**Q** 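Quick one: the structure is below, questions incoming.
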Amino acid sequence: MLKTHTCGELRASDAGKEVTLSGWVNRRRDHGGLIFLDLRDRSGITQITVSDDPEGNPPNGANPSSASSNGNNCAGALATASQVRSEFVVQVSGSVQKRPQGFENAELETGEIEVIASELQILSEARTPPFVLSGNQGDEVDEAVRLKYRYLDLRRPRLAANLRLRHDIVRFIRNFFYDRDFLEVETPILLKSTPEGARDFVVPSRIHPGRFYALPQSPQQMKQLLMIAGFERYFQIARCFRDEDLRADRQPEFTQLDLEMSFVEAADVMALIEEMLISLSAEVSDKPIQNLPFPVLTYDEAMDKYGIDRPDLRFGLQLFDVTELVRNSRFGVFKNAVAAGGIVKGIRYPQGAQLSRKDIDDLIEYVKPYGAKGLAWIGLTGDAGDNGQYSTDNLRSPIIKFLSEEEIAGLVTASGAEKGDLILLVADEPGVTNPALANLRLEIGDRANLVDSNLLAFCWVVDFPLLEYDSQEDRWGAIHHPFTSARDEDWSILEERPADVRAKAYDVVLNGWEIGGGSIRIHRSNLQMRMFQRLGLSEKEVDEQFGHMLEAFQYGAPPHGGIAMGIERVVALFADAQSIREVMAFPKTATGTDLLLEAPSPVDDDQLAELHIAVRERNPVKS
RNA sequence: GGGGGCGUGGUGUAGCGGUUAGCAUAUCGGCCUGUCAAGCCGGAGGUCGCGGGUUCAAAUCCCGUCGCUCCCGCCA
């Protein structure tokens, strides 16, 4: 070994030891005849002190010792140290010394000691890095630069800590399921394309011209087949691929904790995952869990109170519904929206009544991407009268003149607003009103500083609808996936009232991020067939695409269900990262490129020919 | 597919119609024995993403394009 100790382990109790360390030069502080090197390896940083004085010099020249030579090479080490630059890889031998009193560094684990170098050897020189790797300055650097030099970015303490945290989390998860008798099984990466769900990444077959494999969006079918195979408890840390547009929390390839269990009901899977998440949180985080056991919301409750199926419960500000109150309002925006089948909901902005017109306009702009045409707003600038009601004098609002006293009173009551608060309202179809207010709620939480970032607010969302109508394709589609079972009592209305069928599905949410979702599956082939038909697949299509599943269900399929959790999202939440890229070693950009490898890239014509592929130019050059 | 933001020495930024394109940091050289964002002195480094246009004059205004990013659609 080129080192006897790591750069993170030496303490005052090691004083006097002769050690050899190897690592990267984090920083150099050159005082001429005295040079300090901060030597970094993955375990930490140790200060190396290099001078031409082999005894190690007391501070401030209080006791200048003679430059006696005792056979080591301090002068050589000093000369080498003056050559050394940031990120050089060096090997140092020397003696561990307690630092002189007053010169300890409390910032460093090893800050009580320093290594007085007797030998210093450059193992590898380094070009000047494109950005500063020590400290946190690199956080400000353009992400494109960081991605191109990802191997340098990963030397930075924050990124390195994120990957270590990810390792700790995955190790914890594996051990948790090993201990509970789960079998870890690897499933294929080369699978079969199916039309349901996300767009597939596709791999051409050389041996079978014109045919393609698909990369797994998740190992869904394989894990169900493993249940039919009798394994009863399966899990896998599985790589998944989805060819869809990306976001801060979505990458084209990502990792799931995928698991499946036989002879269970939803409550069994939920209890197990809840236990896992509770102990995982205790293991890797100092933050307390806000509510135990995890609150369970139905989908309808979540949409009603938060406008979204993944509510951030770290703060209140529930939405309120005033559709009935304003159904016959003189205010046309409300009345017309309701008449058109829409809803009118709102949210309270605590102490928002005095926001500037610009701030309010910003909120209106904020809501527009979600389709809302605007925000109606009422500021409670003054006090309520003796009767508890607000008069026009004590309100600030462009719409007040359109509202009756009853409507104003009703709005104030429904919102729970008090003096100084601002009421914000959206009137539109539910598919616009809810997302607009849900995101507005987050924005208000942020602006009004209502979010306690030191909390872990887990919750379950259950009773999802099984199906949703796809107006573009004019058919019903599975919200979760086509193997999800309806609740037993709802099978009878699958054909007649598909919108009302609830699924045996459950999502687990942490601080407003959906970190996992699962369901109890259909395990009987006749019900699965009914489901496929409900989704509008012809018998031929079912046979071609899912025939193997239906056939498998005919050979003794146990009742089963499971869940999948997004590892990157979990790690990002525990790491306080804004993007899952921050917890991946080599992530791709928002357009799916790899700036380090420069992928995707063209391939040789020969290679294409072998795969029976012809590339069609997107914009043919006109000759 | 759509919308917003950003793009100026290596990095982070100021400048937003006429500047010698400023600052910080990194970098290079010199001095320096107690620093830990070391300090002090000095130097080098920019065709302002790219292309086109407007103008006497463009980093600055306009159009296009490329890249990064956030969001909508999409993501069972």
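Every chain is numbered from 1, with letters handed out A, B, ... down the list of sequences. Only a predicted model underlies this, so the values are computations on that prediction, with no experimental measurement involved. Any value given below was found using the heavy atoms of this structure, including those in side chains, with hydrogens, waters and symmetry copies removed.
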**Q** Mind checking what makes salt bridge (Lys or Arg N to Asp or Glu O under 4.0 Å) contact with Arg27(A), not counting sequence neighbours?
**A**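 Partners of Arg27(A) by the salt bridge (Lys or Arg N to Asp or Glu O under 4.0 Å) criterion come out as none, since no residue qualifies.
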**Q** Using atom C1' of each nucleotide, how far apart are A21(B) and U65(B) to the nearest Å?
**A**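 About 25 Å, rounded to a whole number of Å.
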**Q** In whole angstrom, give the distance that lies between atom CD of Glu109(A) and atom C1' of C36(B).
**A** 16 Å
**Q** Which residues satisfy the side chain to side chain contact (heavy atoms under 4.5 Å, CB included) test with Glu473(A), sequence neighbours excluded?
**A**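 With sequence neighbours excluded, Glu473(A) shows a side chain to side chain contact (heavy atoms under 4.5 Å, CB included) to Asp470(A), Arg475(A), given in chain and number order.
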**Q** Please report, rounded to the nearest Å, how far the P atom of U35(B) is from the CG atom of Leu34(A).
**A**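 Rounded to whole Å, this separation is 10 Å.
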**Q** Distance check, P atoms only: U60(B) and C68(B), in whole angstrom units.
**A** 23 Å
**Q** Would His31(A) pass as stacked on A38(B), i.e. its ring centre under 5.5 Å from the base's six-membered ring centre and planes under 30° apart?
**A**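 Stacking between His31(A) and A38(B): present.
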**Q** Which side-chain N or O atoms in residues 590-601 of chain A pair as donor and acceptor under 3.5 Å with protein atoms at least two apart or in another chain?
**A**
residue	atom	partner	partner atom	Å
Thr591(A)	OG1	Thr589(A)	OG1	3.1
Thr593(A)	OG1	Thr589(A)	OG1	2.8
Asp594(A)	OD1	Leu596(A)	N	2.9
Asp594(A)	OD1	Leu597(A)	N	2.9

**Q** What interatomic distance, in whole Å, is found between P of G9(B) and the corresponding atom of G46(B)?
**A** 10 Å
**Q** Between A14(B) and U25(B), how far is it from one C1' atom to the other, in whole Å?
**A**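 That atom pair is separated by 15 Å.
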**Q** Answer yes or no as to whether U35(B) has its base stacked against Phe36(A), where stacking requires a ring-centre separation under 5.5 angstrom and planes under 30 degrees apart.
**A** yes
**Q** Could you measure between the two C1' atoms, the one in A44(B) and the one in G3(B), and give it in whole Å?
**A**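 Comparing C1' positions in A44(B) and G3(B) gives a spacing of 44 Å.
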**Q** Where do Glu514(A) and Arg569(A) come nearest, in terms of heavy atoms and distance?
**A** O-NH1, 2.9 Å
**Q** What residues form a ring-ring contact (aromatic ring centres under 6.0 Å, His included) with Phe464(A), not counting sequence neighbours?
**A** Tyr299(A)
**Q** Which whole number of Å gives the distance between the P atom of A58(B) and that of G51(B)?
**A** 15 Å
**Q** Students often get this wrong, so: under 4.0 angstrom with heavy atoms, is Pro130(A) touching a base, only sugar-phosphate, or nothing?
**A** sugar-phosphate
**Q** At under 4.0 Å between heavy atoms, what does Glu107(A) touch on the DNA or RNA strands: base, sugar-phosphate, or nothing?
**A** nothing
**Q** How does protein contact run along nucleotides 24-30 of chain B, one letter per nucleotide 5' to 3', with B for base contact, S for sugar-phosphate only, - for none, heavy atoms under 4.0 Å?
**A** -SSSSS-
**Q** Going by purine N1 to pyrimidine N3 plus the second Watson-Crick contact, or the G-U wobble pair, all under 3.5 Å, which nucleotide sits opposite C61(B)?
**A** G53(B)
**Q** With a 4.0 Å cut-off on N to O distance, would you call Lys368(A) and Glu365(A) a salt bridge?
**A**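 Yes, charged N to carboxylate O under 4.0 Å.
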**Q** Are Asp428(A) and Lys373(A) within salt-bridge range, i.e. N to O under 4.0 Å?
**A**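 A salt bridge links Asp428(A) with Lys373(A).
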**Q** Need the pair for C68(B). Rule: Watson-Crick or G-U wobble, both distances under 3.5 Å, any strand; none if unpaired.
**A** G5(B)
**Q** Quantified in whole Å, what is the P atom distance between nucleotide C6(B) and nucleotide G43(B)?
**A** 36 Å
**Q** Could you tell me which residues satisfy side chain to side chain contact (heavy atoms under 4.5 Å, CB included) with Glu109(A), sequence neighbours excluded, listed by chain and number?
**A** Arg11(A)
**Q** Write down the partner of C23(B) under the Watson-Crick or G-U wobble criteria, each distance required to be under 3.5 Å.
**A** G12(B)
**Q** At under 4.0 Å, does any side-chain N or O of Arg29(A) touch on OP1 or OP2 of A38(B)?
**A**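 So the side chain of Arg29(A) is within the cut-off, an N or O lying under 4.0 Å from OP1 or OP2 of A38(B).
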**Q** Between the base of U35(B) and the side chain of Arg99(A), is there any donor-acceptor pair under 3.5 Å?
**A**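 Yes, a donor-acceptor pair under 3.5 Å.
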**Q** Between P on U35(B) and CD1 on Ile48(A), what's the gap in Å once rounded to a whole number?
**A**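 Nearest whole value for this atom pair: 18 Å.
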**Q** Checking base pairs now: Watson-Crick or wobble, both atom distances under 3.5 Å. What partners G42(B)?
**A**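 The answer is C28(B), by the H-bond criterion.
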**Q** For the residue pair Ala572(A) and Ile580(A), what are the closest heavy atoms and their distance?
**A** CB-CG2, 4.3 Å
**Q** For nucleotides 66-75 of chain B, read 5' to 3', which letter fits each nucleotide if B means a protein heavy atom sits under 4.0 Å from the base, S means only the sugar-phosphate is that close, and - means neither?
**A** --SSSSBBBB
**Q** Quick one: list whatever passes salt bridge (Lys or Arg N to Asp or Glu O under 4.0 Å) with Lys98(A), sequence neighbours left out.
**A** none
**Q** Using the salt bridge (Lys or Arg N to Asp or Glu O under 4.0 Å) criterion, which residues pair with Asp361(A)? Sequence neighbours excluded.
**A** Arg357(A)
**Q** Describe the nucleic acid contact of Gln221(A) in one word from base, sugar-phosphate, nothing, applying a heavy-atom distance below 4.0 Å.
**A** nothing
**Q** Using the P atom as the reference point in each nucleotide, state the distance between C62(B) and A26(B) in Å, no decimals.
**A** 37 Å
